[in-house]
> 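Got a structure for you, questions after.
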Amino acid sequence: MEERERVGAGLIEMDEVFFECVYDQVKNVPAGSVCTYGTIAELAGYPKAAREVGLAMSRVQRAWNLPCHRIVNAQGTLAPTYAFGGKDKQRALLEAEGVAFLEDGAIDLAHHRWPPTGEPEQLALPL
DNA sequence: CCAATGACCAAAA
DNA sequence: GTTTTGGCCATTG
């Protein structure tokens, strides 16, 4: 019906299926955890469309209420083009949720990666 | 349809 | 650790 869905100030005329799935996964990421583009793509049904996930993120609007700051690349580093203020803002948001960063400025994916796909070593061991 | 682009990923040098 | 190369697939002109 009509031309896809008009969202805020942007008109979405892409494969809503893929994007909807991506956004759904992003919404599923719990606070304090992060997810990689590749994982999101995989969950969305396109195991190799990691770039499209990033593209979807760039198209995200604030009104959608998506925690896109929890999506990082496979290296645990933040993209330079975070839509809501840049990587600096993204990092601040993540730290506010309890995400720890390494000295290199990358996120410790071993502790914050989500979902816990088959990794049995989620033992926090705080001390 | 073709070419270029992109918040990527992994392997190789 | 960095830089380069290839692949991946949807969007855009």
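Below, chain A is the first sequence line, B the second, and so on; all start at residue 1. Keep in mind that the numbers below use all heavy atoms, side chains included, and drop hydrogens, waters and symmetry copies.
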> So which atom in R91(A) and which in F101(A) form the shortest heavy-atom distance, rounded to 0.1 Å?
CG-CZ, 3.6 Å

> I'd like to know if the side chain of Q25(A) and the backbone of A44(A) have a donor-acceptor N/O pair within less than 3.5 Å.
no

> Rounded to the nearest 0.5 Å, how far does CZ of R70(A) lie from NE2 of H112(A)?
12.5 Å

> Check whether NZ of the Lys or CZ of the Arg R51(A) lies under 6.0 Å from the centre of the six-membered ring of Y37(A) and within 45 degrees of that ring's axis.
no

> What nucleotide, of dC8(B), dA10(C), dA7(B), holds the atom closest to the side chain of Q90(A)?
dA7(B)

> Taking the nucleotide of DNA chain C with the nearest heavy atom to each, does K48(A) or L55(A) sit closer to the 5' end?
K48(A)

> Expressed in angstrom and rounded to an integer, what is the separation of Y46(A) atom OH from dG7(C) atom P?
22 Å

> If you check every side-chain atom of A74(A), which of dA7(B), dA10(B), dC9(C) has the closest atom?
dA10(B)

> What pair of heavy atoms forms the shortest contact from I71(A) to T36(A), and how long is it?
CG2-C, 4.4 Å

> Once you round it to whole Å, what is the distance between P of dA7(B) and CG of D88(A)?
18 Å

> Would you mind reading off the distance between F18(A) atom CZ and dC8(B) atom C1', rounded to a whole angstrom?
11 Å

> Report the nucleotide, chosen from dA7(B), dG7(C), dA10(C), that has the shortest atom-to-atom distance to any side-chain atom of R51(A).
dG7(C)

> Which one, dC9(C), dC9(B), dG1(C), comes nearest to the side chain of D104(A)?
dG1(C)

> dT12(C), OP1 or OP2 - any side-chain N/O from R59(A) closer than 4.0 Å?
yes

> In terms of side-chain heavy atoms of M57(A), which of dG7(C), dA7(B), dT11(C) is nearest?
dA7(B)

> Using a 4.0 Å heavy-atom cut-off, does A83(A) contact any base of the nucleic acid, only the sugar-phosphate backbone, or nothing at all?
base

> In whole Å, I'd like the distance from the CD atom of Q75(A) to the C1' atom of dC8(B).
9 Å

> Tell me the interatomic distance from K87(A), atom NZ, to dC8(B), atom P, rounded to whole angstroms.
12 Å

> Given dG6(B), dG1(C), dA7(B), identify the nucleotide with an atom nearest to the side chain of E52(A).
dG6(B)

> From dA10(B), dC8(C), dA10(C), pick the nucleotide closest to the side chain of F19(A)?
dA10(C)

> Using whole Å, report how far CG of L66(A) lies from C1' of dA7(B).
14 Å

> Roughly how many Å is it from CD1 in I40(A) to P in dC9(C), rounded to a whole number?
18 Å

> Is A79(A) touching bases, backbone alone, or none of the nucleic acid, heavy atoms closer than 4.0 Å?
base

> Using a cut-off of 6.0 Å, state whether more than 12 heavy atoms not belonging to D88(A) lie near its atom CG.
no

> Could you state the atom-to-atom distance from CD1 of I107(A) to P of dA7(B) in whole Å?
18 Å

> Any strand counts, and the cut-off is 3.5 Å on both contacts for Watson-Crick or G-U wobble. Which nucleotide pairs with dA11(B)?
dT4(C)

> Does Y82(A) get its side chain close enough to the base of dA7(B), under 3.5 Å, for a donor-acceptor pair?
no

